[in-house]
K.L.:
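I have a structure here, written as structure tokens, and I will follow up with some questions on it.
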There are 2 protein chains.
Amino acid sequence: MRDSTNEVLRNIATQGPLSRAQLARDLGLSGPTLTQATKYLLDRGLITELEQSPSTGGRPATLLGLVANAGQLLGIKLAEDHVVGVCVNLHSEILWKFEEPFKSRGEAAVKELTNLLRKQVKRVKGQLLGIGIGVPGVVSPLDSSTADSLMLGWTNLDVGKKLSQELNTPVLLENDVNTLSITESLYGHGRDVSNFITITLGRGIGMGLVINGELYSGSYGAGEFGHVQAVSPGALCECGKMGCLETLASSPAIHASAVTAGYIRPNTSISKLLELARSDKKIAHALFKKPAEALGIALGNVINVFGPELIFISGEGVGAWDLWEPHFQKSLKASVVSTMNKFEIEVDPWDDAKWALGATAIVLQASLSRNSNINSQSVEVKNRLRIASASGFSA
Amino acid sequence: MRDSTNEVLRNIATQGPLSRAQLARDLGLSGPTLTQATKYLLDRGLITELEQSPSTGGRPATLLGLVANAGQLLGIKLAEDHVVGVCVNLHSEILWKFEEPFKSRGEAAVKELTNLLRKQVKRVKGQLLGIGIGVPGVVSPLDSSTADSLMLGWTNLDVGKKLSQELNTPVLLENDVNTLSITESLYGHGRDVSNFITITLGRGIGMGLVINGELYSGSYGAGEFGHVQAVSPGALCECGKMGCLETLASSPAIHASAVTAGYIRPNTSISKLLELARSDKKIAHALFKKPAEALGIALGNVINVFGPELIFISGEGVGAWDLWEPHFQKSLKASVVSTMNKFEIEVDPWDDAKWALGATAIVLQASLSRNSNINSQSVEVKNRLRIASASGFSA
DNA sequence: CTTACTTTCTTTACTTACTTAAGTAAGTGG
DNA sequence: CCACTTACTTAAGTAAGTAAAGAAAGTAAG
């Protein structure tokens, strides 16, 4: 297959329906090359001709769009006690969702997950391209298979390989914040931005980095934003260090500080705590000023080094963003050097299914990306997309 | 010209003499392709056949090396009151050096620099590929021509274009810390490392980032490490913010704190100050503990986010590294998360000519890099290297 | 000193992935 | 109706790679 075919598919998938002429301009290719590439994709049923766009003085362009049912993807979000998942088509339209209890700790975890997913895989009608799993922890960038996660109680656990063998389907793991970053980079505002940062607030504080349009994974991992030192001397973090940002600004930390101050009892829920804070400005100030300032300074420092165009803020913690924002904005402004003060901030309302949706994006990314032939799983996903129509299932 | 030809030239330039067979293995190309590519480069006099490497059981390999005199480069380091420069051949051997007084402030600065460089350009025998200039400040990544520098008193000054027109030679500007990073990435320990960080200590505190083997310049610049917030509330920095790392750990800041403490008088030199600190442990402790700890924490936080393999520490300030190190190492260790604690640190002794040498590296980089066709200057440098032998000057 | 083997490099013939050139298709505006 | 524009197709050619085969230049063993 031609190099360009992949680029064409990628552009149609991410930008929506496009004409051949437009694709040629975007990709810097000649007309004939596009005729060739699109013929290949049309033959295989991956794309289809749609309506014509109105003429601009000459022959009107025929738009080409992705065939939604040429493939389906499963996206999973793992938590300590449950699993959320979605099945989507190539338009990233959710076909169905599921949520099941799951114990991530203990010997039987992988087996339980296997059985749970086997049920879901059976429900898929058509070509299943692969399963993407978002993990709250560190995933090896080499194989997208082994995971370390404090939250799940996993140390160097090769989940992906086992699942993939048992289910006979490509399985790709990725850090859950990174899946969110890829979603933004494929579909969100990050689509036409080459350098941006995603941060997530919640039980932990995470960061995903997109550099030159690609997810950055560092040499030994990246984006351990929750464990930058924010206060000195500070409290002991579960990572073993002192004064991490998480000890100050994670939701458990804020909850704990409210308990210590006597505003709530230890078993009061987070939502009750937020209600209380919204009803009493003094309490809001006492609970959120320090964390929000620490977050602003820490993020400002990353911006000074990284010079991004865009910052996404997400995670379950953004439900309380109104309480963070004033202090955060002030300290962020004060810590960023003036030449870099041009970035935009986008706060994304949090949604449980969105994370699972993000996990499907890593599979799609693998099938579309230029340089994702690193591991066997990605290659297999690509192959499945190519031969989709050959197996004769498509609508 | 083939895509591979550039890769071949790049590998020979950076790795030293190599055989065709070795290059084929390194680049993942077939024998015929290498025969073709090397024939092109040999015809043009850019490379030459050297001695044969001893046989390993078969036909011995013929080594191919860069022809030193196929091109020459000028590298300049600008300071507020003087200019240091070197002329090197393609082996990066220094042919001659110069140092001249120069007033960076005022209307006449560019004209003075032009005249000063014109003299040097005339001294070059052979093909001058281009002039690289390291600037203590921010250089626009778009054109490698306009510079902002507090230290030189320049705001948005388009130096490169004017010099290039007057001297009829490609001129590339780059931040001086970045030139150092490129030097490490081309010739130094950073050669086989894809993600590393360079920091410099001195009048300011700088940072260069190499990501995926390429210099990272951010969307609005990058590496403003001297202006991350290290202390709150902190002293006013010349950048207008409060509590920047530079207000604590730059050499003027340390000097000032020694004056305030009454150890020295305002006009005592830095070297006298270091003598004093080395003779009295208490003074060393009082002057260097806080800055070194702040540096350790700030760097640790960057490491947590970027996960690099290697850290270079350089700049005129490393002359006092023995005084920084103990406090620095301790706080760095304490702030980096355990999974990323695998990086190495290399402290580079500082040398005035090395910075100028670094400036030549950006020109060489432009002629060798895969994707440096962004601006006209880089393209011109490439052309000059290609047609070098055609003009019939070579040895 | 021949013979067998290894490794390096070159030549030839082919493939792939594009291109340019020329023409067809289908609209617009005078 | 006819010139003009824009979109797409067909045909032929080119650039840059590959694979296969062989020549060149060494080592190792009998």
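Sequence lines set the chain letters: A, B, ... in the order given, protein chains first and strands last, and positions in each chain run from 1. It should be emphasised that the depicted structure is a prediction, and the values quoted were computed from it without experimental measurement. Heavy-atom basis, side chains included; hydrogens, waters and symmetry copies ignored.
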K.L.:
Taking the nucleotide of DNA chain C with the nearest heavy atom to each, does A:Leu29 or A:Gln52 sit closer to the 5' end?
P.N.:
A:Leu29
K.L.:
Would you kindly give the CG-to-P distance between B:Leu18 and C:dT8, to the nearest whole Å?
P.N.:
13 Å
K.L.:
Can A:Tyr187 and A:Thr14 be counted as having a side-chain donor-acceptor contact under 3.5 angstrom?
P.N.:
no
K.L.:
Considering every strand shown, what is the Watson-Crick or G-U wobble mate of D:dG30 when both distances are under 3.5 Å?
P.N.:
C:dC1
K.L.:
Counting N and O atoms only, with roles assigned by atom type, does the side chain of A:His189 sit under 3.5 Å from a partner on the main chain of A:Glu184, one being a donor and the other an acceptor?
P.N.:
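Looks like no, no N/O pair under 3.5 Å.
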K.L.:
Side chains of A:Gln22 and A:Asp26: any donor to acceptor distance under 3.5 Å?
P.N.:
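A pair is found: one side chain offers a donor N or O, the other an acceptor, under 3.5 Å apart.
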K.L.:
Can you name the residues that form a salt bridge (Lys or Arg N to Asp or Glu O under 4.0 Å) with B:Glu344, not counting sequence neighbours?
P.N.:
none
K.L.:
Where along nucleotides 1-11 of chain D does protein come under 4.0 Å, by heavy atom, of base (B) or sugar-phosphate alone (S), with - for untouched nucleotides?
P.N.:
----BBBSBBB
K.L.:
So how far is it from B:Ile362 CD1 to B:Thr179 OG1, rounded to the nearest 0.5 Å?
P.N.:
7.0 Å
